[in-house]
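Have a look at the structure below before the remarks.
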Amino acid sequence: MKYQSIKGTRDVLPQEQKYWRFIEKTIFRITERFGFERVEPPIFEETALFLRGVGETTDIVEKEMYTFFDKGDNSLTLRPEYTAGVMRLYLQNGLHVAPKPVKLYSIGPIFRYERPQAGRFRQHTQFNVEVLGEQDPAVDLEVMSVAWQLYAELGFSGLAFQLNSTGCPHCRPAYIEQLKEYYYHHQEAICGDCKRRLERNPLRLLDCKVETCQEISAGAPVIHNHLCIECRDHFATLRLYLDTLKRPYRINHRLVRGLDYYTKTVFEVWVEGIGSQNAMCGGGRYDGLIEQLGGKPTPGIGFGSGIERMILGMREQNIEPPELLRPFVFVAHIGQAADLKAIELIADLRDIGIAALMSFGNRSFKAQMREANRLGVDYAVILGDEEMVNQTATVKNLSTGEQQSLLFDQIVPMMIRMQKHTDKKS
RNA sequence: GUGGGUGUAGCUCAGCUGGCAAGAGCACCAGAUUGUGGCUCUGGAGGCCGCGGGUUCAAGUCCCGUCACUCACCCCA
């Protein structure tokens, strides 16, 4: 084989489309219900936006971006996440003067140069939600509720939020100092990765999977004891809201997120069985980001959810999305006159909105019937020598096997009636 | 970037300790039914056994290299 898809990318084939259709429809329905509006920034932006927006020392920026120079020698990058681009869109298009909060969502591809594995690709699709301009914890709840409602309506069971607060610029630095202080005392015992984390991203120390490191992290200072009053209140109120709605969640002190811009609330939703990358969505609050990108101080919160991971999760939980609609009529034809009539007939049917197909080439009648069956149509219209002589068509109901003879003029009206009939049933 | 696993028909996979003119199921095509699908039966088409080298009388099978895929780590949806 000469060409194959790029590492970490995947083809979406017809048999998977029912998942995509189902998920997209559910997203549209829920975002509408929650009062979100769709925006789509371009797939690539100037590289500097992501450097600033995501954070220069994050893994995403340091090693995962698809960056290239265009013919004008501009450094461009395929978006490695949605938020920075949406913030740019928000500022550039004057949405910051719109009534607050501004509630936006997007659906599209994300690119990261990573080693692929189960549930992780170099191109994946994200459903992304952002709410700008309101710091009320009720907005945190609202954003989390979009994710919750989506997974519930997709049919997932047994899900729970992982929840944490990572503090804010007022309280986090002091906490991180204490954390580092603690770890400096255990420097001998921690793994190589953790030694790096200690210098570069101390919060991640808590998340290490190495057993000996976990023992150490178990004794580490907990951020909740170091939150400032504002952060503590915010977190407590959010918990009150979640409790009121009886939404299951687990406080996870180890939940930290890799992007620099998060403040206060961070959350994920996990699903088992899709490999070790089990987070179906991840997000949190980023109250300082807009300011960092040149806007006025504006609170914000959002999350991204991987559609490929939703599909993996649905498969794992044996959730069957609705089947796509099948074509309604198939026209089988034998002989030249019938061929012309078939072409005319499917055109007429399609004009009035009925999904009609015909056989191509000179296939045997039997083969055409097999094809009709395989396509899953409700009716086969048969045009053969006899029919052409009588100016009639034989219409066969493929589920009951009944068939009747109709004048040409009666076929389209009959199909309209039959389709309405089946619509009612389903 | 690091470590493990796997590469045989379109898909899922058998091929044990080297002896294969290379198999099965599904899918595809055709026939049984000369104008009637699904079920069944019969037949057909479809493979440089990832690629390159080596060992051997003999390699899909053993060895080396290489590429690809895959799982896991880092990190993330």
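Letters go in sequence order (proteins before strands), and every chain restarts at 1.
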Scan A/Asn128 against the nucleic acid and name what it touches under 4.0 Å (heavy atoms): base, sugar-phosphate only, or nothing. nothing
Tell whether A/Gln4 reaches the base of B/rC69 with its side chain through a donor-acceptor pair below 3.5 angstrom. no
Pick base, sugar-phosphate or nothing for A/Arg112, based on heavy-atom distances below 4.0 Å to the nucleic acid. base
Any N or O donor-acceptor pair under 3.5 Å from the base of B/rC75 to the side chain of A/Arg120? yes
With hydrogens left out and only the distance checked, is there a donor-acceptor pair under 3.5 Å joining A/Lys63's side chain and the base of B/rC74? yes
As a test of reading the structure: which of B/rU36, B/rC74, B/rC76 is closest to the side chain of A/Arg309, going by heavy atoms? B/rC76
Letter by letter from the 5' end, nucleotides 40-52 of chain B scores (B base, S sugar-phosphate only, - none; protein heavy atoms under 4.0 Å) -------------
Would you measure the distance from the C1' atom in B/rG7 across to the matching atom in B/rG50 and give it in whole Å? 6 Å
A/Gln277 vs B/rC73: side-chain N/O to OP1/OP2 distance below 4.0 Å: yes
With distance as the sole criterion, do the side chain of A/Gln403 and the base of B/rU36 form a donor-acceptor contact below 3.5 Å? yes
The side chain of A/Ala279 is closest to which nucleotide in this list: B/rC76, B/rG37, B/rA77? B/rA77
For B/rU33, does OP1 or OP2 lie under 4.0 Å from any side-chain N or O of A/Lys366? no
Per atom distances to the A/Arg197 side chain, the nearest of B/rG38, B/rG35, B/rC74 is B/rC74
Does A/Lys25, at its NZ atom, have more than 12 non-hydrogen atoms belonging to other residues, nucleotides or ligands within less than 6.0 Å? no
Need one value for A/Arg200: base, sugar-phosphate or nothing, where a base atom within 4.0 Å counts as base even if backbone is also close, heavy atoms only. nothing
Intra- and inter-strand pairs of RNA chain B in dot-bracket (Watson-Crick or G-U wobble, both distances under 3.5 Å; | for another strand): (((((((..((((.....[...)))).(((((.......))))).....(((((..]....))))))))))))....
Considering only heavy side-chain atoms of A/Gln117, the closest of B/rA30, B/rA72, B/rA77 is B/rA72
On the side chain of A/Glu64, is there an atom forming a donor-acceptor pair with the base of B/rG1 - under 3.5 Å, no angle test? no
Heavy atoms under 4.0 Å, any strand shown: does A/Phe303 hit a base, just sugar-phosphate, or nothing? nothing
If the cut-off is 4.0 Å, is A/Lys209 near the phosphate of B/rC75, judged by side-chain N/O to OP1 or OP2? no
A/Gln336 atom CD, over 12 foreign heavy atoms within 6.0 Å: no
Just compare B/rC29, B/rG37, B/rC74 and give me whichever is closest to any side-chain atom of A/Arg374. B/rC29
Tell me whether the OP1 or OP2 atom of B/rC28 has a side-chain N or O from A/Arg370 closer than 4.0 Å. no
Here the distance between atom C1' of B/rC74 and atom CZ of A/Arg115, to the nearest Å, is 11 Å
Does a nitrogen or oxygen in the side chain of A/Lys7 sit under 4.0 Å from OP1 or OP2 of B/rA68? no
